[in-house]
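Sequential numbering from 1 along the given sequence is applied to the chain's residues. Both counts, for ligands and for their atoms, begin at 1 and track the order of listing.
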Amino acid sequence: MKQGDESLAARSLSREIYEEAGALPTEVRFMEVCGTHTMAIHEAGLKSLLPENIKLVSGPGCPVCVTEKSFIDEAILIGKEYDACLVTFGDLVRVPGSFGSLASYRAEGGSIRVVYSPLDAIAAAEEALGRPTVFLGVGFETTIPTIAATLKTALGKGVDNLFVVSAFKTIHPPLKILAAKDDLDGFLLPGHVSAILGSNCFEYLPRDFHKAGVVAGFEGLDILQALRDLVRMVARKSPHIANDYKRVVRSEGNPTARALIDEVFAPCDASWRGLGVIPGSGLVPKGPYSRFDASVHLPVDVPPAEDDPRCRCAAILMGSRTPDTCGLFGRECTPEYPVGPCMVSSEGTCAAYYKYGAV
Ligand code: SF4
């Protein structure tokens, strides 16, 4: 679509949102579950196209942000105690741990290798010639199938020095907790995760919680269309699940990818920043793949970790606060000197507010 046509389409969608919102007696709040949506909303300045009574809040869909500080601590301790090479995605490198970040550990001589694909971890392990090579596993159902494929390939090749620290998360358990909150009226559902899980799997939102949900793409117009549909559902008191990202998301998702996850991983309890321990919301390698489980084969004593009490990441991930209400935002906490993970991650809400402003 040409730029002028896009702008016309955006104005038309905005007008429809205003018309639907005009029928609402009170303010309504929608949560964008996915960190990529958070960034896209701020980059496109979409909040400026919404009426006063439509509020968008961010949710727990940034995997780096919801990963507890103790995960960084565990990784560094494994690196030190087992002389391991740590393999990670770049987003994690600057996240503060209790005794420094992976970046500061590297500066002290620790071995850190940044990769763009989990499959690169196999090459790293083969090059390490027997030295333990530990992949730092964070991510949702979007990333997990490629990590499952990596472990399957490693098993087939007989790679015996590759391990994974597992902080994988699944989206339904926290979404059910958030759906029970009275101050949320609907959800902009994550497009990437939905490509794996499908759109049908969110039917519990209207059925059990009377909340609306729309699967959305990541272009500005995709998001505006999804917001128009959410406002319409609330205004007409007919919450349901809509799939506005049909060019990528099928109602049944990707069964092959889900089967791969089920083959390699088993559910476990997982701790989320802001939400605490949620039963069954994590994944660990199972069966023959448990040979890759770092918590079993490279155990370390991780002391309890505490976040800086002034950091509001936990409340931000629950949609209860916005970054500009944190006293450290833009002063003591910036992307160069982050205090919390929400300022580090490329999908973090604080990073989005810092880079693009509150709109
Ligand atoms: S601005 Fe920094 S300290 Fe404040 S909530 Fe965000 S990450 Fe935490």
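Close approach to Ile316 involves these atoms of ligand 1, each under 4.0 Å from a residue heavy atom: 5 (S).
Side chain of Asn53 to backbone of Ala21: a donor-acceptor contact under 3.5 angstrom is found.
Residue Phe329 is found in a hydrophobic cluster whose other members, listed by chain and number, are Met343, Tyr353, Tyr354; membership requires side-chain heavy atoms under 4.5 Å apart, directly or through intermediates.
Screening the protein for N, O or S atoms under 2.8 Å from atom 2 (Fe) of ligand 1 yields 1; no waters enter the count.
Checking Glu32 against Ser58 by side-chain atom types alone, a donor-acceptor pair falls below 3.5 Å.
A cation-pi arrangement is absent between Lys55 and Phe30, since the terminal nitrogen or guanidinium carbon is not both under 6.0 Å from the aromatic centre and inside a 45° cone about the axis.
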Practice item. With salt bridge (charged side-chain N to carboxylate O under 4.0 Å, His left out) as the test, would you mind laying out the steps for Glu332 and Arg310 before giving the verdict? Key: CA-CA 11 Å; Glu332 285 180 62; Arg310 300 167 302 166; 3.1 Å; yes
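Ring geometry for His297 versus Phe163: interplanar angle of 30 to 60°, hence tilted.
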